[in-house]
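Remarks on the structure that follows.
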Amino acid sequence: MSVLHIQTPLIESRALSALLGRPVWLKLENTQPSGSFKLRGIGHACQWHVRQGATGFVSSSGGNAGLAVAYCGRKLGVPVTVVVPETATARAKELIRMEEASVIVRGAAWDQAHRYAQTLASASTPLIHPFDDPLLWAGHASLIDEVAQAGLRPDLMVCSVGGGGLLQGMLTGLDRQGWQDTAVLAVETEGAASFQAALQAGHPVTLSSTATIANSLAAARVCDAVVQAARSHNVRSVLVSDAQALSACQRFANDHRMLVEPACGAALAALYETVPAAADAQSVLVVVCGGVGVVRV
Ligand SMILES: *Cc1c(COP(=O)(O)O)cnc(C)c1O
């Protein structure tokens, strides 16, 4: 069975290269059929479970993860139930239903939706976690494989961090290539800085609340594995404001004629704002993680 994600374009951003004075490459995960990089890891996990005999999937995400599970279920011909919190937008629910998944609204926030989703899961109908699963990380790592196959070896990579699944996938991919010395900028918005809090504490901590327009980054706690892995890699934590993330979305739309959600704008903002943590790099790659939450209705 072939993989469910596509090999995404890798293009240079002339605008960002000019701004930073060195080549900046874009890995265009916004062009994945489900709208974000999530399809890499979730596709990998779903295919693995189907090979083990799974006959359905449960998801607990009203965002890009839920949409990716729904997409994979339709492609693999198995039913999907997505439990979304009350905060999920009408558009998000519509997009999930367009992938032929059923939507259950439960709980004020992701935590409650996730707990309910756990009660629906079984051996034959696994819950696909949005970020904390080695199968996901192995799938996300394919992004780095594609960069290597393209003959590119940037010395700094930039990605946004929610629960840390994407970052953990990137670190997994760097290990696969033997690129442990590559620096990674892990970008969060100020209102959802659970990775920075974990780095400072030396272990994952649960934030009492999150408040950010980049709702795909609003995980109160990152996965344990990424905090552990950050110790043996050159990972630098960067925070941007919501306003900077939004402004980066706008500048990116102007520069590249593509719309991405604020969670992706956060990663782009680290470059548009020319943060000091990126100053020593000779060449940069930014994961344009994408996201369907562009228009909020
Ligand atoms: C999920 C998501 C993130 C954050 O990924 P994590 O694996 O939770 O760290 C960032 N951007 C977009 C568009 C996402 O969908």
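For the single chain, residues carry numbers from 1 onward in sequence order. Any value given below was found using the heavy atoms of this structure, including those in side chains, with hydrogens, waters and symmetry copies removed. Atoms within a ligand are numbered from 1 in the order they appear, just like the ligands themselves.
An N or O contact shorter than 3.5 Å is missing between Gly291 and ligand 1 by distance. On a distance-only criterion, Cys289 and ligand 1 share no N/O pair closer than 3.5 Å. Taking any N or O of Glu261, backbone or side chain, none lies under 3.5 Å from an N or O belonging to ligand 1.
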Ser194 and Arg221: side-chain hydrogen bond (donor to acceptor under 3.5 Å, both in side chains), yes or no, with the steps?
-> CA-CA 5 Å; Ser194 48; Arg221 183 186 177 94; over 6 Å; no
Stepwise, does the salt bridge (Lys or Arg N to Asp or Glu O under 4.0 Å) test hold for Asp181 with Arg153?
-> CA-CA 11 Å; Asp181 52 338; Arg153 187 172 174 178; 3.1 Å; yes
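Under the 4.0 angstrom criterion for non-hydrogen atoms, Val161 is in contact with ligand 1. Put simply, part of Gly164 is less than 4.0 Å from ligand 1, judged by heavy atoms.
Of the protein's heavy atoms, Ser160 OG, 3.4 Å lies nearest to atom 10 (C) of ligand 1. Protein heavy atom closest to atom 5 (O) of ligand 1, with residue, atom name and distance, is Phe37 CZ, 3.4 Å. Counting only heavy atoms of the protein, atom 2 (C) of ligand 1 lies nearest to Lys38 NZ, 2.5 Å. Distance from atom 8 (O) of ligand 1 to its nearest protein heavy atom, with residue and atom name: Gly163 N, 2.8 Å. What sits closest to atom 4 (C) of ligand 1 on the protein, heavy atoms only, is Gly162 N, 3.6 Å.
Checked against the 6.0 Å centroid criterion, the rings of His44 and His5 do not qualify as a close aromatic pair.
Counting heavy atoms closer than 4.0 Å to ligand 1, residue Leu217 contributes side-chain atoms (C-beta onward) but none from N, CA, C or O.
Counting the atoms of ligand 1 from 1 in the order shown, those under 4.0 Å from a heavy atom of Gly290 are 13 (C). Each of the following atoms of ligand 1 lies closer than 4.0 Å to a heavy atom of Gly165: 6 (P), 7 (O), 9 (O). Below 4.0 Å from some heavy atom of Asn64 lie the following atoms of ligand 1, by number and element: 13 (C), 14 (C), 15 (O).
Inter-residue side-chain proximity for Leu10 and Leu285 is flagged as met; some heavy-atom pair is nearer than 4.5 Å. Inter-residue side-chain proximity for Val288 and Phe252 is flagged as met; some heavy-atom pair is nearer than 4.5 Å. At a threshold of 4.5 Å between non-hydrogen side-chain atoms, the residues Val58 and Gln118 do not count as touching.
Partner Ser60 forms a side chain to side chain donor-acceptor pair (under 3.5 Å) with one of His129, Arg115, His114 and no other, that one being His114.
In this model, a donor atom of one side chain and an acceptor atom of the other lie less than 3.5 Å apart for Glu12 and Ser17.
Relative ring orientation between Trp110 and Phe131 is described as tilted, the plane-to-plane angle lying within the 30° to 60° band.
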